[in-house]
There are 4 protein chains.
Amino acid sequence: MKKNKPKYKQIIDAAVVVIAEHGYHQAQVSKIAKQAGVADGTIYLYFKNKEDILISLFQEKMRIFIEYIEELIAGKQSASEQLFLMIEHHFRVLADNHNLAVVTQLEIRQTNKDLRLKINGILKEYLSLVDEIISRGMEKGEINSDLDVRLVRQMIFGTIDETVTTWVMNEEKYDLVALAPQVHKLLLNGCGAV
Amino acid sequence: MKKNKPKYKQIIDAAVVVIAEHGYHQAQVSKIAKQAGVADGTIYLYFKNKEDILISLFQEKMRIFIEYIEELIAGKQSASEQLFLMIEHHFRVLADNHNLAVVTQLEIRQTNKDLRLKINGILKEYLSLVDEIISRGMEKGEINSDLDVRLVRQMIFGTIDETVTTWVMNEEKYDLVALAPQVHKLLLNGCGAV
Amino acid sequence: MKKNKPKYKQIIDAAVVVIAEHGYHQAQVSKIAKQAGVADGTIYLYFKNKEDILISLFQEKMRIFIEYIEELIAGKQSASEQLFLMIEHHFRVLADNHNLAVVTQLEIRQTNKDLRLKINGILKEYLSLVDEIISRGMEKGEINSDLDVRLVRQMIFGTIDETVTTWVMNEEKYDLVALAPQVHKLLLNGCGAV
Amino acid sequence: MKKNKPKYKQIIDAAVVVIAEHGYHQAQVSKIAKQAGVADGTIYLYFKNKEDILISLFQEKMRIFIEYIEELIAGKQSASEQLFLMIEHHFRVLADNHNLAVVTQLEIRQTNKDLRLKINGILKEYLSLVDEIISRGMEKGEINSDLDVRLVRQMIFGTIDETVTTWVMNEEKYDLVALAPQVHKLLLNGCGAV
DNA sequence: AATGAATGAGCGTTCATTCAT
DNA sequence: GATGAATGAACGCTCATTCAT
């Protein structure tokens, strides 16, 4: 399995650095190879093509992200608490990793439709997690079950995403994690929680 | 004034069609010119460069959009009603114009940082409009004035944008405009309206 | 005869200014038209094409130049004196007209082979004048008649031309006309004058 | 060092052929690549841009030229002899290489001011060599030391250059090398040698 | 005669990918 | 496995010239 070899992660980390530093359109394969300390051709022993680096990058980070959140909310009973932990973790991960924040909020979106569809495919796992929290919240009466789950999820993800993007665009001047309680309150209100 | 000459609008409309059909990176100037029924060089009598077409396109559409919404909400008293009219109009414009929806939700975002910053500059007028509705709603007691206006705006815009993007990504399979009441309700709840 | 109409000279003078100021490759027809105060299309009522402007420019200036020198040397007996008057006038004309100097020494030479051949055709009149001075000098015994007239002419023209070009390249920092006596002496020595 | 790799010289030689054959402005990079038997992109592994090909070409040829002349005149005592060897070698190199003669006398001069300045910078090494010969000639009493070294150099270089250009323009119909003794005599006379 | 909007051919350069070593 | 030199397709933009008014 190539994904477990050291150079695989090495190249992905190099890609995050290079894309964050130079922007997606200036992140040539040769630059990524140089940053990773390997030859250009070596990239193609681990990735099908340049697009595949980006997909794998997103997949890898998302996998870790989701696994962590799943652990985090595992023992919690209330949807409200689960939602809060998710929001806070989402904010914390990106606040702690400037490069990753730039890549996911700004650079990765500069890609073509096809690539974005693939990235959306990966994102679905996260969205499913949100759906589960919502559904469980409805079952327990925490969330108004008249609402459309999909719409609620779009509100939650849209708000979180927009909040992070605005923060990145404003050069991360303020404390993102500190916004978690307010965002949580807004979203919970929206859900019709009493 | 070049912006009032017929070819100016002709080229912008052609750009919307070509970009929606082929994607931003496959929207060569020659393709746009052909679609507009002018020579390649004519493009440059009306636009500084290819990037300028995109900026002008967004500016032009946003100008019409904002002017229309301003008229729409002019006589309305409640922030709730104003918000609803805005959401519905936002959805309706894009639902009525498939090409424009694809361009604004997917293609325009594939551009480099500089261009995105310019586009964000144009978007600010819309966001200001939202801010005004929120502020007025707070003054009247419709919206919980303890909330951060910026966060509320991010929730509103983030939710609307995410809703439209999801709809476009799902190949516009369902009725977007019909979602307006539910989205409106969600957002109003979020704002702490009683 | 178009050459006698005011706009003909107007355009040629504009071309000298524009080419000197912006360089040959940045001297677009539209710039020349603007400088001349006429419409782009008007240029083509007086000149076949852009190349024709340059040829006519050179022809016009050279005609005046030669006519003047012919008058100047008309009454003079010695080839030495004729040569001196020619050198001095050559230097003076270009020293007095910065733009013309830049155009003839630097910019006009940036043209393609065909155009340079045409320009050389015009230059031949000047070279013939030099040949005549040399031949008469040989007849009178002022110049060593064993020498090849063509080679002597190449020395004379080559030296004058190189001297002016070096002066232009050095930003005309020193007095070109003041060099005439020394250049004259050098060339006369070269001709074997005693 | 890229300059020692075979493809470096291969591309320069191809450039000489293509520029001589089609003229500078019709010497597209793709034509040069084809002539050199490499891909278009390969050019850019060895040269910064098209302009750089021309500069390197001139630099390379000038380097060989100067090195050869320096060896040639190393053991010679008289400035007269040194001057003759230089003139003859100058003529011989260009007479032996039609393409190079066309490129240096006609095509290379069609370039813009910036490029011409760079080329002049390279030419300075040659002009310095001439200056040295003149200075040494003055020390030894072979050349009239009242003369301005710069003017003498301009006469020497101007005459040689004009002679070669005239020969190229006349389609190289006569024997250029055979002119060396006469040109040498003319110049030596000019220098005031007895 | 004069205008100036419109035309459209033409090219230097980048960079993802390959493959011989 | 690892290398990195070589490949070659693809495109935004300029500007001399035309021609309807």
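Naming: A, B, ... by sequence-line order, numbering from 1 per chain.
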Protein-nucleotide distance ([X], atom [atom1]; [N], atom [atom2]), rounded to Å:
X	N	atom1	atom2	result
A/Y24	E/dA16	OH	C1'	11 Å
C/Q28	F/dT17	CD	C1'	14 Å
B/F47	F/dG12	CZ	C1'	15 Å
C/D40	F/dA16	CG	P	9 Å
B/L45	E/dT3	CG	P	19 Å
C/I53	F/dT17	CD1	P	8 Å
B/I11	E/dT7	CD1	C1'	13 Å
B/K31	E/dG8	NZ	C1'	18 Å

Find which nucleotide of DNA chain F each of B/N49 and A/Y46 is nearest to by heavy atoms, and output the residue with the more 5' nucleotide.
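Result of the comparison: A/Y46.
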
For C/A27 and D/G41, find the nucleotide of DNA chain F closest to each by heavy atoms; which residue's nucleotide sits nearer the 5' end?
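In this pair, the answer is D/G41.
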
Which of the following nucleotides, [options], is nearest to the side chain of [X]?
X	options	result
A/T42	F/dG12, F/dA2, E/dT7	F/dA2
A/Y44	F/dT18, E/dT17, F/dG1	E/dT17
A/A39	E/dT3, F/dT3, E/dG12	F/dT3

A/D161/A/Q105 under side-chain hydrogen bond (donor to acceptor under 3.5 Å, both in side chains): CA gap, chis, key distance, verdict:
CA-CA 8 Å; A/D161 190 56; A/Q105 302 308 120; 3.1 Å; yes

Between A/D52 and A/Y46, is any pair of side-chain heavy atoms under 4.5 Å apart?
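Heavy-atom side-chain distance check fails, nothing below 4.5 Å.
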
Less than 4.5 Å apart, any side-chain heavy atom of C/L54 and any of C/I19?
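Yes. Closest side-chain heavy atoms under 4.5 Å.
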
Any donor-acceptor pair under 3.5 Å from C/Q35 side chain to C/V18 backbone
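Between the backbone of C/V18 and the side chain of C/Q35 there is no qualifying donor-acceptor contact (under 3.5 Å).
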
A/K50 to A/Y24 six-membered ring, cation-pi geometry met (6.0 Å, 45°):
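That pair qualifies as a cation-pi contact.
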
Do we see a donor-acceptor contact under 3.5 Å between the side chains of B/K31 and B/Q28?
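B/K31 vs B/Q28: donor-acceptor pair found between side chains.
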
According to a strict under-4.0 Å criterion, is B/Q26 in side-chain N/O contact with OP1 or OP2 of F/dC11?
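Yes.
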
Using five pairs at either end of the helix from E/dA2-F/dT21 to E/dT21-F/dA2, determine the angle between the two local helix axes and round it to 10 degrees.
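The two end axes of the helix from E/dA2-F/dT21 to E/dT21-F/dA2 meet at 10°.
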
Do B/K61 and B/D13 sit within salt-bridge range, that is, some charged N less than 4.0 Å from a carboxylate O?
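Yes, charged N to carboxylate O under 4.0 Å.
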
Salt bridge D/E125-D/R63, side-chain N to carboxylate O under 4.0 Å
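Looking at D/R63 together with D/E125, the answer is no, because their closest N to O distance does not fall below 4.0 Å.
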
Have a look at C/E51 and say if it touches a base, only the backbone sugar-phosphate, or nothing, with a 4.0 Å heavy-atom cut-off.
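C/E51: no heavy atom of the nucleic acid under 4.0 Å.
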
Under 4.0 Å between any heavy atoms, over every strand shown, what does B/V29 touch: base, sugar-phosphate, or nothing? Just pick one.
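Sugar-phosphate, no base atom in range.
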
Taking the nucleotide of DNA chain E with the closest heavy atom to each, which residue, C/K7 or D/K50, is nearer the 5' end?
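First, find each residue's nearest nucleotide; the 5'-ward one identifies C/K7.
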
By nearest heavy atom, map D/S30 and A/K48 onto DNA chain E; which one lands nearer the 5' end?
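Its nearest nucleotide lies further toward 5', so the answer is D/S30.
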
